[in-house]
Amino acid sequence: MNKHYQAKENEEKIYQLWQEANAFNPDSKINQNLKNDDLPSFSIIMPPPNANDPLHLGHAAFLALEDILIRHARMKGHDTLWLPGADHAGIETQFVFEKKLKKEGKSRFNFDRQTLYQMIWDYVQENSNIALEQMKKLGASADWSRYKFTLDEDITASVLETFLKMDKDQLIYRENRLVNYCPKCGTAFSNLEVDHQEQTSELYYIKYGPFTLATTRPETKFGDTGLAVHPDDKRYQQYVGQEIEVEGLNGNFKLKVIADDFVDPEFGTGVVKITPYHDFNDFAAWQRHKNELPDPIQVVDFEGRLTNAAGKYAGLKIVNARKEIVKDLEERGLLVKIDKNYRNNLAVCYRCNNAIEPLPLPQFYIKVKGMTNEVLKCLDKKEFKVYGAGYDKVLKHWLEKLEDWNISRQIVWGIRLPVWYEAKNNPMIKVTFLDQDEQRITGKLGELLQKHQLGTIKKGLQSLSAPIDAKYLIKVDSPGENYIQETDTFDTWFSSSQWPVLALQNNKEGDFARFYPTTIMETAYDILMFWVMRMLMMGLYSTQQLPFKRVYLHGLIRDGKGQKMSKSKGNVVNPLEAGEKYGIDALRMAIVIRSSAGLDKSINEADFKAMRNLNNKLWNATRFILLQREENSTKTKKKPAKFDKKFTKKLEQIQSAVSRNLDQLQLGLAAETLHNEFWHWFCDQCIEDSKKGLISQEKIFEGLITFLKLFHPFIPFVTESIWQILYQEKLVNDPILMCSPWPRC
RNA sequence: GAGCUUGUAGCUCAGUUGGUUAGAGCGCUUCGUUGACAUCGAAGAGGUCAGAGGUUCGAGUCCUCUCAAGCUCACCA
C-alpha cells in the first residue's frame with residue numbers, strides 16, 4: 001500500500017467497479033442477494049437538477065446527503081432505489097438560452113415556436129450529459145438505468161392526463177385577472193416567483209379635481225376609473241358617490257368617488273386613484289365595487305409600453321412616459337409636490353430583476369383549497385414529518401394561505417397546454433406568427449385569415465392570446481384542422497410537482513407499486529413551497545397517498561465566514577475542483593459533518609483538508625493493521641487480551657449510535673460520531689493499546705471492518721478502495737463493500 | 001407589520017428523550033515522534049453555553065420575557 005491514500009487514482013476505478021457489478025440497480029443479482037425481504041422498500045426520488053445547470057456545491061450537498069441515506073439503506077437490506085432525473089426548468093432554461101441568442105444578435109422573435117423549442121432541446125441535450133457525468137464523479141449511487149427527463153414523451157403524456165383529470169374534477173378554470181408579468185421575460189409568474197426590493201422612489205402629489213392624491217405611478221393615470229377614500233374619513237365624506245371633474249393631460253374626464261376601507265387615511269392625502277388593470281389592490285377594489293365603476297382600462301401593454309388609452313403618450317416605455325407626464329403635469333400646474341425620499345418595495349422578476357407589471361391576462365388556474373386542506377389534515381395527523389429547523393410550521397402557514405395557482409406561462413420551453421380554439425369562431429384571438437418570408441406579423445385571427453392560410457399561421461406561430469370569452473376545448477390531440485392550440489406552456493412546477501408519481505409510473509414495470517410512496521424527500525429548504533408543498537398536494541390528489549413520508553431539508557452551503565457564495569464575491573467553491581484537490585470523499589464529508597437539517601453550513605479550505613486527513617488516517621490505520629498482521633502471522637494465537645471485552649462493547653455502542661443517528665436522519669451527528677470515535681478512540685487509544693498487546697489483533701481487525709462499513713455511506717471511495725485490498729488478500733468475503741451487509745447491533 | 005430560525009472556545013460549528021468534568025475541526029502554547037499516518041502524537045491555554053427570570057433533585061437542552069443577527073412572507077396608492 002502507498003504511504004498516502006491517492007484519491008484521484010482510486011475514484012474512477014472504484015466507480016467503474018460498482019457500475020460493472022450493477023450495484024446501483026435494485027434489480028441486480030448482487031442487490032437481490034443483499035436484500036432482506038422483511039424490510040420495506042426504500043426509495044428516494046432525486047430532485048431533478050436543471051438539465052442545463054453545471055454542478056455547484058448545492059448539488060454536491062444533496063448528492064452527498066441522499067447517497068448516504070441510500071447506501072445505508074442498501075447495506076441494511078432494503079430494496080433500495082435512488083431514481084435520478086433532470087428538469088427542463090422552463091423559464092430558467094429559456095432565459096439562459098435567450099441570453100445565448102442575444103450574443104449571436106438574435107432573439108426569440110426570430111423563430112417560430114417549433115424551431116425555438118427544437119433549438120433549446122438540442123442545447124439542453126448537449127449540456128445535460130455534462131451534469132450527469134459530474135454527478136457520477138461525486139459518487140452518486142443512483143440507478144442511472146431509470147433516469148428520466150421531465151420532457152420525455154411518456155412524462156409529458158402523463159402531465160397532460162393529469163391536467164385533463166383535474167379539468168374533469170373541475171379544479172381548472174380560466175380567468176382574466178391581474179398577473180405578475182415580466183415584460184422583459186415576456187411571461188407571467190406565480191406569486192412565489194416575485195421578489196421584492198426595497199428602494200427609494202418618488203411619490204408624486206397630483207391634483208385630481210378638488211383632491212390632491214399621492215402616487216408613485218403617474219403614468220397609469222389614464223387607466224383610472226375611480227377614486228377611493230376611507231368610509232370613515234370625515235374630510236371626504238361629502239364626495240362619496242359623487243362624480244368629480246378632473247383636468248387631465250388628454251382632456252378633462254370624470255371619476256366617481258367610492259368609499260372602501262382598503263384606503264389608509266394616514267397615507268398621503270387619504271385619497272387614492274383606482275387603476276384596476278395595473279394594481280392588485282385597485283383590481284380587488286374594482287371587483288368589490290363593480291356596479292359603481294366603469295370597466296377597467298389597460299394603459300400598459302405586455303412589452304412595457306403605454307397603450308392607445310394614453311393618448312399622445314402611447315408607445316412610450318414606462319420610465320420615459322413617467323418623465324414626460326410629470327413634466328407636463330408640472331407645466332399645467334397639476335403637480336403639487338414630489339416626495340423624493342419615499343421608501344417602498346418594488347416587485348421585481350426573480351429571474352431578471354426588472355420591475356414586475358401587474359397586467360390583466362386570461363390564464364389557467366388550479367383551485368388549490370381542496371388540495372391544501374387534504375395536506376393539512378395529513379400534517380395534523382403527523383402522516384409525514386418535515387426535518388429542518390421549524391419548516392413544518394412554515395409549510396403549514398403556506399398551506400393555510402395559498403392562493404389559486406396560475407399555471408400558464410408565456411414561454412416556449414415547456415409542455416404546451418392541451419387547449420384548443422376553433423379558428424373561425426374566435427376571430428378576436430390575437431396572433432403573432434412568421435410568414436413564409438419570415439416576416440413577423442401580429443393581428444386578430446379573423447383579419448389575418450383573410451390573407452393567410454390557417455396552416456401558415458400555425459406553422460409560423462409564435463404566440464396567441466385569446467380573449468377571456470373565447471371558447472376552447474381541452475383535449476390531448478387536435479380536435480381538427482380548423483383548431484389552433486393555446487401557446488402557453490405549463491409552469492415547470494406543474495410537472496415537477498408530480499415528479500415522484502410520474503418518474504415511477506413511467507419507468508420499469510412494477511416500479512410504482514414497489515417504490516411508491518417514496519421514503520424520503522431530500523431537498524433544499526428554499527424550494528419548500530415551490531416544490532415540496534406542491535408535490536404533497538399533487539401526489540395526494542393523483543394517488544390518494546402522500547408521495548413521501550419524511551422530508552429532509554438541507555441548508556445553503558456558505559463560505560468560511562458564513563457568507564453566501566456568489567460569483568461577484570468570488571468565494572464560490574467548485575465542488576469538482578475541491579474534489580480534484582482533496583478527494584471526493586473529503587468534499588462529501590466536509591459538507592455533511594456537523595450539518596443540521598434546515599440550517600446553513602459554512603465550509604472552507606481547512607475543512608476539506610481536515611477531511612482529507614481523515615481519509616488518509618483510515619488508509620494508514622489499515623496499512624498498519626495489515627503490516628502488524630504480517631509480522632505476527634507466525635506467532636501462535638494468544639488468548640483474548642485484557643481490553644478485548646471492553647473494546648467489543650464500545651464498538652457495539654458506536655455501531656448502534658451511528659445506526660440510530662442515520663435512522664433519525666441526524667447525518668451530521670453520525671458523521672461526527674464516526675470521525676471522533678475512529679480517530680480518537682480507535683486510532684489514538686486502541687491501536688496504541690494493541691501495540692502493547694492489550695487488545696488482540698483479531699479485535700482490531702474486527703474494528704477496522706466495522707468502521708469501514710459504518711464510514712462507507714459517507715466516504716464511499718476510500719472505504720471501497722481499502723475493502724478491495726482486503727478482498728484481494730482474502731481477508732473479507734464480500735466482493736464489494738457497497739453491497740455488503742451493514743453491521744448488526 | 002407578521003412568522004420562522006439562530007446566538008455554545010479566537011473562527012466555523014456539533015451537542016440525541018434534561019443526567020458525571022460542555023465537544024470537534026481550524027488557530028494558539030509547550031513537548032515528542034527517524035517502523036501506520038508530519039496528512040502524526042501527547043499535554044495545555046481558551047466557555048458566567050447572548051441576558052434575566054421560571055420549572056426540576058438536576059437545564060446548553062424545557063417554559064416566559066429581553067437583546068442581537070439572519071431568513072421568509074405581507075405591505076400604503
Side-chain angles (χ1 to χ4, degrees), chain A residues 1-5 191-192 194-196 198 201 203-206 213-218 220-221 224 227-228 262-275 278-282 285 342-345 347 388-398 401 525-526 528-529 555-556 558-562 564 582-583 586 589-590 593-596 598-628 631 657 660-661 663-664 666 668-673 675-677 679-680 683-684 687-688 690-691:
Chain A
M1 284 173 86
N2 280 328
K3 201 169 172 184
H4 301 316
Y5 170 62
N191 289 340
L192 297 182
V194 177
D195 284 340
H196 294 270
E198 201 181 353
S201 5
L203 184 63
Y204 305 92
Y205 286 76
I206 303 172
L213 61 79
T215 180
T216 51
R217 303 207 55 191
T220 62
K221 73 193 301 299
D224 298 344
L227 295 171
F262 91 98
V263 181
D264 177 2
E266 306 290 314
F267 183 88
T269 57
V271 185
V272 51
K273 68 195 189 71
I274 298 187
T275 321
H278 301 286
D279 183 280
F280 288 101
N281 272 321
D282 294 2
Y342 177 61
R343 298 292 291 173
N344 71 341
N345 278 317
Y391 281 103
D392 47 342
K393 290 172 202 162
V394 175
L395 178 64
K396 193 173 174 193
H397 178 243
W398 272 95
K401 54 152 270 188
Y525 64 70
D526 58 353
L528 177 65
M529 53 272 199
L556 257 57
R558 294 168 179 275
D559 75 0
K561 289 172 194 153
K564 257 189 195 174
Y582 300 104
M589 195 67 176
I593 195 165
R594 266 168 272 122
S595 67
S596 266
L599 297 182
D600 295 349
K601 173 102 171 91
S602 327
I603 291 185
N604 61 24
E605 199 88 4
D607 296 312
F608 293 133
K609 254 185 215 172
M611 293 305 116
R612 178 209 44 199
N613 294 356
L614 170 70
N615 295 330
N616 189 56
K617 187 85 174 167
L618 196 56
W619 180 263
N620 271 291
T622 310
R623 196 157 74 95
F624 177 71
I625 290 165
L626 291 184
L627 280 174
Q628 230 184 11
E631 272 174 26
R660 196 178 54 238
N661 289 337
D663 288 338
Q664 297 176 353
Q666 295 169 309
L669 189 55
E672 189 186 18
T673 306
H675 175 271
N676 292 348
E677 298 297 355
W679 197 302
H680 300 299
C683 293
D684 292 348
I687 292 186
E688 291 308 314
S690 83
K691 288 179 185 169

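Quick caveat, the model's predicted, so the values are computed rather than measured. Each chain gets a letter, A, B and so on, in the order the sequences are listed, and its residues count up from 1.
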| query | With sequence neighbours left out, what residues match A:K564 under salt bridge (Lys or Arg N to Asp or Glu O under 4.0 Å)? | reply | none
| message | With rounding to the closest Å, how many angstrom separate the C1' atoms on B:G44 and B:G27? | response | 15 Å
| task | Counting heavy atoms from C-beta on, name the nucleotide in B:C37, B:U16, B:A42 closest to the side chain of A:D684. | result | B:A42
| message | List the residues meeting side chain to side chain contact (heavy atoms under 4.5 Å, CB included) with A:T269, not counting sequence neighbours, and say none if there are none. | response | A:Y205, A:T212, A:L213, A:Y236, A:V271
Taking N or O atoms only and anything under 3.5 Å, show me the protein contacts with nucleotides 66-74 of chain B, one pair per line.
unit_1, atom_1, unit_2, atom_2, d
B:C73, O2', A:K401, NZ, 3.2

| Below 4.0 Å: OP1/OP2 of B:C37 and any side-chain N or O of A:K3 | yes
| request: Using the P atom on both, measure B:U16 against B:G35 and round to a whole Å. | output: 43 Å
| message | Does the protein touch nucleotides 21-31 of chain B at the base, only the backbone, or not at all? Give it as B, S and - per nucleotide, heavy atoms under 4.0 Å. | response | ---BSS-----
| message | List the residues meeting ring-ring contact (aromatic ring centres under 6.0 Å, His included) with A:W398, not counting sequence neighbours, and say none if there are none. | response | none
Under 3.5 Å, sequence neighbours excluded: what are the donor-acceptor pairs made by side chains of residues 600-608 of chain A?
unit_1, atom_1, unit_2, atom_2, d
A:D600, OD1, A:Y525, OH, 2.9
A:D600, OD1, A:L556, N, 2.9
A:D600, OD2, A:Y525, OH, 3.4
A:D600, OD2, A:R558, NE, 2.7
A:D600, OD2, A:R558, NH2, 2.8
A:K601, NZ, A:I593, O, 3.1
A:N604, OD1, A:A606, N, 3.1
A:N604, OD1, A:D607, N, 3.2
A:E605, OE2, A:K581, NZ, 3.0
A:E605, OE2, A:Y582, OH, 2.6
A:D607, OD2, A:N604, N, 2.9

| note | Between A:R660 and A:G390, the residue closer to the 5' end of RNA chain B by nearest nucleotide is A:G390
| Hey, is the side chain of A:K617 poking within less than 4.0 Å of OP1 or OP2 on B:G41, counting only N and O atoms? | yes
